[in-house]
Amino acid sequence: MGREEKDNVLELAIRRGFIYPSYEIYGGVSGFFDYGPLGAILKNKIENKWREIFCIREGFYEISSPTIAPEEVFIASGHVENFIDPLVFCTNCKESYRADHLIEEILKIDTKGMTFEEMNKYIEKIQCKKCGGKLSKINTFNLMFKTYIGPLNARKGYLRPETAQNIFIMFNRLYEFCRKKLPFGIVQIGKSYRNEISPRQGLIRLREFTQAELELFINPRERKFERFKRYENEPLYLIDNNGNEYKISAREAVEKGLFINEAFAYCIVLTKIFLKEIGIDENRIRFRQHSKEELAHYAKDAWDCEVYTRRYGWIEVAGIAYRGDYDLKMHEKYSGKEMKALILYDKPKIIKREVLEPKLSEIGKTFKKRAKIILEKLKEEKLIEEFKRNKKVEIEINGEKIILDEKFIELKVVEERIVGEKITPHVVEPSFGIDRIIYCLLDNSYKEINGRIVLSLKPEIAPISVAVFPLVDKEELNNIALKIYEELRNNKIYAIYDEKDSIGKRYYKADEIGIPFAITVDFDTLKDNTVTIRFRDTKEQIRISINEVVNKIKELLNIS
RNA sequence: GCGACCGUAGUCUAGCCUGGUAGGACGCUGGCCUUCCAAGCCAGAGGCCCGGGUUCAAAUCCCGGCGGUCGCACCA
């Protein structure tokens, strides 16, 4: 895995302006990074590629929400309660442990649902694994950033630890927008915040990071998912939670029961397709199922998408979670607002039913204030049989017996049309860590060829698309090169111009930041109005007329 | 959060042990040279992570903080 070698990729990324450690002049703060000039373009291109796939091609709509939310949101979502680590440390040697893990390991007691006070009692029976010392009581540490909304008597709030909650909260609005039909999906790209205990490894673990998430709302009774068909043959590299490896198609994985349904498999495949399309080698992409212990508090099943990197081995860049109905149910409970979808039957069900219909005017006149209670009681089904037998019913209110005969009620047969059933949709959630993906992409693209560093980013993803150079720094060449440079930019193509140093040096520097094409104006240009286009990966050149340059570049970049 | 190691220009690094205020290389800026694949010439700018202590004097020794790497733990 090459753990000892230094991180050339990170070094290049910082040196050439992709990323910088944040707040450097004040000593830096771990877990935060700035995107520099090239990194910001790269990030935008990757996010737009994601949009291209999820929004344009797959047809899911994007929303954009605040990153601060009132406390209630995360009480309901379970993050206030579950997004914490119950830590204990040894009062002697300072070693720290997860309390729940320790209890399960040493005492073999299931800690699920246990309060911290209960855990504390068990912890008293345990000594430090390392030195036998006394363990402290549980220290809790919530990984969410806390804040206050407004001045005086402010409402408590948190910076969101995931973008997903906003979509769940807006479910009714979004369900309405999507014309009340399942399945439907909503996406969001935005910042999330987690106050990690020890952020490390550059872009891999950040305290503020960008997520791209899809919340796909489905009917849990449907195993099928219409759009899955077009992707079912995609080959996948899978590792299930027993450690079994599979290299099979998505369809086969569904048939083997590895995935809960086709919608889940569809999200797995989309994840792979996205990574492939931004330029990650598909042989470096695998999916690993979470073990029971790894599962988040909301997840019924989850698979991580991992990409292989030279520096860190396999790292998680996306997670596909089956959140079931957890979130909608929780928000329904805490907000008191119904959050359900109506599933229509093929044909409305028509149910014939006998009811005792009260004659309201008679009951009201006779029983006055007691009428309301009487009407409630009349809904009891057993009274129907009694009425059929005796043509009257006897009910009791506060110890008083009341007899109701045909003067007050009549037996009727009513027809009820039931068009469908309300259910809580289930959610499949692919969630992407954009920053990690950027790191993996840089790692995947980084090549050293005979001492030459080449960042072989796909042309459409590379931050700068074209470099324009005069072969040597001569005014007559520079002027032509500058004109081409200008024209490219006017055609919405990211380009740079450089006249310094030898041509070889300029090619080298362009290769290092992944510029796929270099246009060179040479002395032949003065004679016949042609220039060369040099290709980064092969160093080959073609010669074309200046007039064709923009169109040729557009063609190479795959834009029309 | 614990432990180990570490922190010198944009990058890599010499100097630290044996205190006397920094030297190189690449990069950067300007100039020269240069007719296709970085490292030819000249000139220039730029640095001891922060704070405190010891000392006549601290990049150097001590303490604390911040940051980094690795291991443990954690990573929804």
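The sequence lines fix the lettering, A, B, ..., with proteins before strands; numbering per chain opens at 1. Just so we're clear, the structure is a prediction, and the values are computed from it rather than from any experiment.
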Q: Round to the nearest Å and state the distance from I513(A) atom CD1 to rG27(B) atom P.
A: 16 Å
**Q.** Nearest-angstrom distance, P atom, rU60(B) to rA22(B)
**A.** 13 Å
Q | rC36(B) base / S502(A) side chain donor-acceptor hit below 3.5 Å | A | no
Q. Are OP1 or OP2 of rC70(B) and a side-chain N or O of R311(A) less than 4.0 angstrom apart?
A. yes
**Q.** Separation of rC75(B) C1' from E208(A) CD (nearest whole Å)
**A.** 18 Å
Q: For rC2(B), give its Watson-Crick or G-U wobble partner with both distances under 3.5 Å, or none.
A: rG71(B)
(Q) By the 4.0 Å heavy-atom rule, please label G202(A) as base, sugar-phosphate, or nothing. (A) sugar-phosphate
Q: Ignoring backbone atoms, establish whether S30(A) has a side-chain N or O less than 4.0 Å from OP1 or OP2 of rG67(B).
A: yes
Q) Nearest nucleotide by nearest heavy atom, which residue falls closer to the 5' end of RNA chain B, A299(A) or L471(A)? A) L471(A)
**Q.** Candidates rC28(B), rU11(B), rC36(B) - which lies nearest the side chain of K509(A)
**A.** rC28(B)
Q) Just how far, in rounded Å, is C1' of rG68(B) from OH of Y20(A)? A) 19 Å
Q) Looking only at atom C1', what distance separates rU8(B) and rU21(B), rounded to whole Å? A) 13 Å
Q: For R534(A), report the nucleic acid contact type (base, sugar-phosphate, nothing); a contact means any heavy atom under 4.0 Å.
A: base
Q.
Starting the side chain at C-beta, find the nucleotide from rU35(B), rC37(B), rG10(B) nearest to Y507(A).
A. rC37(B)
Q | Residue pair D435(A), Y35(A): steps toward the side-chain hydrogen bond (donor to acceptor under 3.5 Å, both in side chains) verdict | A | CA-CA 10 Å; D435(A) 313 273; Y35(A) 283 93; 2.6 Å; yes
Q) What do the steps show when you test Q188(A) against T163(A) for side-chain hydrogen bond (donor to acceptor under 3.5 Å, both in side chains), and what is the final call? A) CA-CA 7 Å; Q188(A) 179 165 206; T163(A) 58; 4.5 Å; no
Q: To the nearest Å, give me how far apart CD (E540(A)) and P (rC37(B)) are.
A: 15 Å
Q.
I need the NZ-C1' distance between K505(A) and rG27(B), as an integer number of Å.
A. 8 Å
Q. How would you label the contact of D473(A) with the nucleic acid (heavy atoms, under 4.0 Å): base, sugar-phosphate, or nothing?
A. base
Q: To the nearest Å, give me how far apart CG (D501(A)) and P (rC41(B)) are.
A: 13 Å
Q: Between rA38(B), rU35(B), rC36(B), spot the one nearest the side chain of I503(A), thanks.
A: rC36(B)
Q) Given the C1' atoms of rU13(B) and rA4(B), what is the spacing between them in whole Å? A) 24 Å
Q.
Taking the C1' atom in each of rC36(B) and rG46(B), what is the distance between them to the nearest angstrom?
A. 33 Å
Q) Atom CZ of F32(A) to atom C1' of rC66(B): distance rounded to whole Å? A) 14 Å
Q) Among rU34(B), rC74(B), rC37(B), which is the nearest nucleotide to the side chain of R205(A)? A) rC74(B)
Q: Would you kindly give the CD-to-P distance between E196(A) and rA73(B), to the nearest whole Å?
A: 16 Å
Q: Under a 3.5 Å limit for both distances, which nucleotide forms a Watson-Crick or G-U wobble pair with rG47(B), could you say?
A: none
Q.
Strictly below 4.0 Å: does K500(A) bring a side-chain N or O up to OP1 or OP2 of rA38(B)?
A. no
Q: Identify the nucleotide, in any strand shown, that forms a Watson-Crick or G-U wobble pair with rC56(B), with both distances under 3.5 Å; if there is none, say none.
A: rG20(B)
For residues 13-20 of chain A, which side-chain N or O atoms pair as donor and acceptor with protein atoms under 3.5 Å away, sequence neighbours left out?
unit_1: R15(A); atom_1: NE; unit_2: E11(A); atom_2: OE2; d: 2.9
unit_1: R15(A); atom_1: NH1; unit_2: E512(A); atom_2: OE2; d: 3.4
unit_1: R15(A); atom_1: NH2; unit_2: E512(A); atom_2: OE2; d: 3.2
unit_1: R16(A); atom_1: NH1; unit_2: K509(A); atom_2: O; d: 3.3
unit_1: R16(A); atom_1: NH1; unit_2: E512(A); atom_2: OE1; d: 2.6

**Q.** Residue closer to the 5' end of RNA chain B, A302(A) versus E24(A) (nearest nucleotide)
**A.** E24(A)
Q.
Between rC49(B) and rC32(B), how far apart are the two C1' atoms, rounded to whole Å?
A. 39 Å
**Q.** Rounded distance in Å between the P positions of rC2(B) and rC50(B)
**A.** 24 Å
Q.
Which nucleotide wins on minimum distance to the side chain of K539(A), given the candidates rC37(B), rC36(B), rA39(B)?
A. rC37(B)
Q) Among rG67(B), rG10(B), rU35(B), which is the nearest nucleotide to the side chain of V472(A)? A) rU35(B)
**Q.** Between rA73(B) and rA57(B) - C1' atom distance, rounded Å
**A.** 45 Å
(Q) Would you say the ring centers of F432(A) and F54(A) fall short of 6.0 Å from each other? (A) yes
Q: Would you classify P161(A) as touching base, sugar-phosphate or nothing, given that sugar-phosphate means primed atoms plus P, OP1 and OP2, and contacts are heavy atoms under 4.0 Å?
A: base
Q: Determine which nucleotide pairs with rC26(B), using a 3.5 Å limit on both distances of a Watson-Crick or G-U wobble pair.
A: rG10(B)
Q: Would you indicate what R506(A) reaches in the nucleic acid, counting non-hydrogen atoms under 4.0 angstrom: base, sugar-phosphate, or nothing?
A: nothing
Q. What interatomic distance, in whole Å, is found between P of rC17(B) and the corresponding atom of rC62(B)?
A. 10 Å
Q) Taking the six-membered ring for Trp, are Y497(A) and Y485(A) parallel (under 30°), tilted (30 to 60°) or perpendicular (over 60°)? A) tilted
Q.
Consider side chain to side chain contact (heavy atoms under 4.5 Å, CB included). Of V468(A), I484(A), T520(A), which one does V531(A) pass it with?
A. I484(A)
Q: Check every strand shown and say whether Q541(A) touches a base, only sugar-phosphate, or nothing at a heavy-atom separation below 4.0 Å.
A: base
Q) Watson-Crick or G-U wobble partner for rC41(B), using a 3.5 Å limit on both distances? A) rG31(B)
Q | D304(A): which of R286(A), Q289(A), H290(A) passes side chain to side chain donor-acceptor pair (under 3.5 Å) | A | H290(A)
Q.
In terms of relative ring orientation, are H426(A) and Y322(A) parallel, tilted or perpendicular, with 30° and 60° separating the classes?
A. perpendicular
